Structures are given as C-alpha cells and as structure tokens.
Protein chains: 2
Amino acid sequence: MARKTGSHSEITGPLVREAAERLFARHGYAAVSMRQIAGEVGVQAGALYNYTPDKQSLLYDMMSTHMQSLLQSWSDADPGGTPMDRLQAFTRHHIHFHLQRPDAVFIAYMELRNLEAQNFARIEVQRKAYEMVLENILQDGQGAGAFHVGDVKLAGMAVIAMLTGVTTWFRDDGRLSVEEIANHYWDMVRKAVGA
Amino acid sequence: MARKTGSHSEITGPLVREAAERLFARHGYAAVSMRQIAGEVGVQAGALYNYTPDKQSLLYDMMSTHMQSLLQSWSDADPGGTPMDRLQAFTRHHIHFHLQRPDAVFIAYMELRNLEAQNFARIEVQRKAYEMVLENILQDGQGAGAFHVGDVKLAGMAVIAMLTGVTTWFRDDGRLSVEEIANHYWDMVRKAVGA
DNA sequence: GTCTATAACGCGATAGAC
DNA sequence: GTCTATCGCGTTATAGAC
C-alpha cells in the first residue's frame with residue numbers, strides 16, 4: 001500500500017478522509033496521530049496538510065458530512081402519508097442508514113466532546129434537526145390518536161437511542177439479517193408508542 | 001485546593017480516582033494527561049504514581065469497579081417474583097443507578113476502546129453478565145406467556161440501549177424528575193415487550 | 001508522600017527542496 | 001504533491017532529594 005516518492009494522486013484526499021474515519025472510529029480522535037493517518041494512506045505526515053488545514057477539520061468535516069447525509073437520506077426516503085407509515089419508514093431508514101456506515105455513526109456519537117466549541121455548536125444544530133424529524137412524527141400521530149405516548153419528546157429520545165443501539169452489537173455475520181433486525185425493531189417501536 | 005509541599009494525605013488516593021473519573025468523562029481518556037489529573041488534586045504529576053501503577057490502571061480500575069457496583073446493586077434490588085415484577089424493578093433500577101453516576105456511566109460506554117486487550121476482555125465479561133440479567137428475565141417472561149417479543153436477545157439489547165440513552169440528555173434541572181422519567185420509560189418498556 | 005528534574009519519546013504543524 | 005527535516009511543546013513514567 002505504500003506509495004513511492006513523486007507519485008501523484010488525485011484521490012489522496014478521499015483516502016485521507018477514509019483512513020481518518022477508520023482510525024478515529026477504532027481508536028478515538030485523541031488517540032490517533034497525524035502520522036498514523038499518513039501511514040495508512042502511504043504518505044508522510046506533512047503531506048496530509050495538502051488536504052486538511054488541521055486535524056480538527058478532519059473530524060468536523062466528517063461529522064458534518066455524515067449528519068448532512070443522514071438528513072438528506074431521510075428527506076429522500078420520507079414517504080409522507082400517515083404518522084404510522086412515516087414512523088415505520090423512519091425506523092427502517094434509521095437502522096439501514098446506520099448499519100451501512102458504522103464508523104461514521106460511531107464517530108458522530110463518541111467524538112462530540114473533541115469538537116471545538118464552534119464546531120460542536122454546528123453539529124448540535126444538525127443533530128437537533130434529526131431529532132425533530134422523529135418528534136414531529138410522534139407529535140402528529142399523538143394528535144391524530146394513532147399513537148399513545150406519555151411524553152412525545154421523551155418517547156423520541158427513547159426510540160432513537162433504541163434504534164441507534166443496534167450499531168453497538170450488529171455483526172455482518174451475525175444471527176439475524178439487517179432486514180430481520182429492522183422488522184423486530186419496528187415491532188417494538190410500534191408497540192412502545194402505543195400504535 | 002492546591003496543597004502545600006510536605007502536607008500529607010490519607011485521602012489522596014480517592015481524590016486521584018475522583019479527579020480522573022471527572023476528567024476522563026469530560027474530555028476522554030486519551031485527551032487527559034497525568035499532569036491535568038495531578039493539577040485537579042493539587043499535587044505534581046509524579047506523586048500520582050504512589051496511587052496507581054500507570055494511567056491505564058486508573059481507567060481499568062474505575063470501569064471494573066463501576067460494573068461490579070452495577071451488578072451488586074441490581075443483585076440487592078432484585079425483588080424476585082414474576083418476570084413482570086422483575087422487569088419493572090430492572091427498568092427502574094437501571095435508570096436510577098445510571099442517572100446517579102453519569103461520569104462513570106459515560107466512561108463505561110465510551111472508553112472501551114482505550115482499554116488494553118486483556119482489560120477489555122475482563123470488562124466485557126462483566127458487561128455480558130449484566131446483559132444476561134435482563135435476557136433471563138425476558139426469557140422467563142416469554143416462556144410464561146407474560147411477554148411477547150420476537151427475539152429475546154434482540155429485545156434485551158433494545159431495552160438496555162433505550163434505558164441507557166437517558167444519560168445522554170438528562171439534566172438535573174430538566175423538565176421531568178427522575179421518577180417521572182422512570183415511569184414513562186417503564187410504560188414504554190412494558191409495551192415494547194408486549195406485556 | 002510529595003517534590004523537582006529528567007529521560008525518552010511522540011505530538012501537530014510548518015519550511016523549503018525536488 | 002510529496003518529501004525530509006525541524007520547531008516547540010507535551011507526553012508517561014522514573015530517580016532521588018527532602
């Protein structure tokens with residue numbers, strides 16, 4: 001994988017981001033050095049600074065891109081219709097999206113405290129927007145009598161935590177397929193919100 | 001808080017562990033230096049090594065103690081009786097226990113990857129034991145016809161993730177009391193397992 | 001039990017050659 | 001665009017004085 005002196009590359013930028021994502025997810029932002037990232041890509045540490053102004057930007061950019069991608073993906077997947085239909089779609093989309101990018105998800109949840117204040121604030125806005133997607137669905141359903149939850153905000157947090165938890169134990173070669181898992185979770189979400 | 005040269009202390013050991021726990025929870029294990037911990041306690045960095053062989057032991061000891069404490073606390077709180085009674089007790093105990101020690105909980109979930117291999121394996125045994133507590137309750141209830149879940153293992157993971165998620169948003173001065181939160185969560189857990 | 005001093009090393013980031 | 005070399009600083013852990 002090591003690259004020779006003088007070789008050129010239009011794709012080093014993406015490789016840097018991929019290596020950083022993999023290493024941050026595995027060892028944590030603070031525990032990973034620029035030299036390690038460079039080693040994965042096959043360049044020297046100094047070369048990384050052609051692609052990122054600093055280490056912090058590497059973290060912020062991948063988190064922001066991830067959240068943007070999550071919001072856009074849901075926006076595309078939202079079927080509209082009844083709160084029940086939308087809640088099912090949200091559940092299935094959340095599980096599928098999250099299981100497809102375990103590293104990005106892990107970082108998005110674990111590295112918030114390593115963001116500088118301003119970057120943290122920006123990511124929090126995106127996170128809040130996603131939480132509001134679910135909260136609005138639950139609120140609509142509650143108003144229409146389709147759901148029966150004691151507290152909409154709390155139910156929203158509970159559902160997201162439950163769904164995101166899948167990423168901590170899922171293995172590709174595990175006992176259940178993603179589809180089976182999504183079905184089981186939808187069954188539990190449906191019951192939990194009193195639908 | 002700074003301590004004067006030559007002062008003695010039988011309580012420096014606990015202070016070191018408390019400071020380390022607070023700092024690890026706030027900034028992450030890898031981002032915290034021994035100098036920072038020493039500064040919080042009011043000693044020089046070298047003095048810490050009277051209380052811990054190294055930084056890694058500081059992390060492992062607090063995580064192991066936390067898990068031991070969790071298992072013991074549940075053991076004391078387990079009312080026995082029907083699966084329904086035990087599931088309610090488990091739900092309430094999990095929420096109360098976790099909200100009472102946010103720093104230790106945060107570390108237990110976030111710093112697993114900073115444990116050396118052998119230490120990680122030991123903590124995993126303790127985590128697994130706790131998961132089995134819930135799984136056994138669900139299994140008993142499923143067998144007795146009190147619960148109706150599609151998959152006992154998966155339901156266990158879902159319930160734990162949902163309950164633990166409280167720690168990410170709970171604030172002491174928030175809208176709901178711990179008691180109200182526990183009630184709402186028990187309502188959702190009860191429904192989710194089809195009781 | 002805590003101090004100061006230091007060994008041995010790694011860090012992020014930059015400069016300038018090619 | 002990548003290299004080598006380096007700056008300035010921080011890291012864990014230890015040694016020996018008090």
Side-chain angles (χ1 to χ4, degrees), chain A residues 1-24 26-63 107 111 113-119, chain B residues 1-21 23-24 26-62 107 111 113-119:
Chain A
M1 201 54 86
R3 119 190 319 284
K4 298 200 176 63
T5 298
S7 77
H8 45 285
S9 165
E10 323 66 51
I11 57 163
T12 302
L15 286 182
V16 169
R17 285 188 283 278
E18 285 162 24
E21 181 170 296
R22 196 165 48 249
L23 288 170
F24 288 171
R26 194 115 61 221
H27 308 292
Y29 173 79
V32 172
S33 71
M34 294 299 270
R35 285 171 173 81
Q36 271 179 276
I37 298 169
E40 281 274 303
V41 176
V43 297
Q44 293 301 311
L48 297 182
Y49 293 86
N50 290 314
Y51 303 98
T52 180
D54 51 32
K55 191 185 172 190
Q56 169 74 199
S57 300
L58 225 38
L59 177 63
Y60 171 70
D61 288 345
M62 75 177 65
M63 287 178 75
I107 292 167
E111 301 296 354
R113 63 186 163 186
N114 285 310
L115 288 171
E116 288 166 11
Q118 200 168 44
N119 291 338
Chain B
M1 202 54 86
R3 136 188 306 286
K4 299 199 178 63
T5 298
S7 77
H8 46 285
S9 167
E10 324 64 51
I11 56 163
T12 302
L15 286 181
V16 168
R17 284 187 284 278
E18 285 161 25
E21 180 170 297
L23 288 170
F24 288 171
R26 194 114 63 222
H27 308 291
Y29 172 79
V32 172
S33 71
M34 295 299 268
R35 281 175 176 81
Q36 273 178 276
I37 298 170
E40 282 273 305
V41 176
V43 298
Q44 294 300 313
L48 296 181
Y49 293 86
N50 290 316
Y51 303 98
T52 180
D54 51 33
K55 192 184 170 190
Q56 170 74 198
S57 299
L58 224 38
L59 177 62
Y60 171 71
D61 288 346
M62 74 177 66
I107 292 167
E111 302 296 354
R113 62 188 162 182
N114 284 309
L115 288 172
E116 288 165 11
Q118 198 167 46
N119 290 338

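Keep in mind it's a predicted model, so treat the numbers as computed, not measured. Numbered from 1 within each chain, the chains take letters A, B, ... in sequence-line order.
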Applying side chain to side chain donor-acceptor pair (under 3.5 Å) to Arg113(A) and not counting sequence neighbours gives Glu111(B)
Spacing between Leu48(A) atom CG and dA15(C) atom P, to the nearest angstrom | 16 Å
Atom pair distance, as rounded to whole Å: CD1 in Ile11(A) and C1' in dG1(D) = 13 Å
Output yes when at least one side-chain N/O atom of Ser33(B) is less than 4.0 Å from OP1 or OP2 of dG10(D), else no.
-> no
For Ser57(A), which residues count as a side chain to side chain donor-acceptor pair (under 3.5 Å) partner, sequence neighbours excluded?
-> Asp54(A)
Mind listing the closest non-hydrogen atom pair of Leu48(B) and Val43(B) along with its distance?
-> CD2-CG2, 4.1 Å
For Gln44(B) and dT12(D), what is the distance between atoms CD and P respectively, to the nearest whole Å?
-> 14 Å
Could you tell me the separation between the CD atom of Glu21(A) and the CD1 atom of Ile37(A), rounded to the nearest 0.5 Å?
-> 11.5 Å
Look at the side chain of Arg35(B) and the base of dG10(D), then say whether one donor and one acceptor between them are separated by less than 3.5 Å.
-> no
Gly46(B) or Pro53(A): which one's nearest nucleotide on DNA chain C is closer to the 5' end?
-> Gly46(B)
Rounded off to whole Å, could you give me the CD-to-C1' distance for the Gln36(A) and dC11(C) pair?
-> 11 Å
Quick one: is Thr12(A) getting a side-chain N or O under 4.0 Å of the dT2(D) phosphate, OP1 or OP2?
-> yes
From OH (Tyr29(B)) to CG (Leu115(B)), nearest 0.5 Å | 8.5 Å
Quickly work out the Tyr29(A) OH to dG12(C) C1' distance and round it to whole Å.
-> 10 Å
Which sits closer to the 5' end of DNA chain C, Ala47(B) or Ala31(A), going by the nucleotide each is nearest to?
-> Ala47(B)
Between dT11(D) (C1') and Gln56(B) (CD): distance, integer Å = 16 Å
With the side chain defined as heavy atoms from C-beta on, Val43(B) is closest, among dA13(D), dG12(C), dC3(C), to dC3(C)
Mind calculating the distance between OH (Tyr49(A)) and P (dC11(C)) to the nearest angstrom?
-> 11 Å
Would you say a side-chain N or O of Tyr51(B) is under 4.0 Å from OP1 or OP2 of dT2(C)?
-> yes
When rounded to whole Å, the NZ to C1' distance for the pair Lys55(B) and dT14(D) reads 17 Å
Shortest side-chain distance from Asn50(B), nucleotide among dG1(C), dT2(D), dA13(C) | dG1(C)
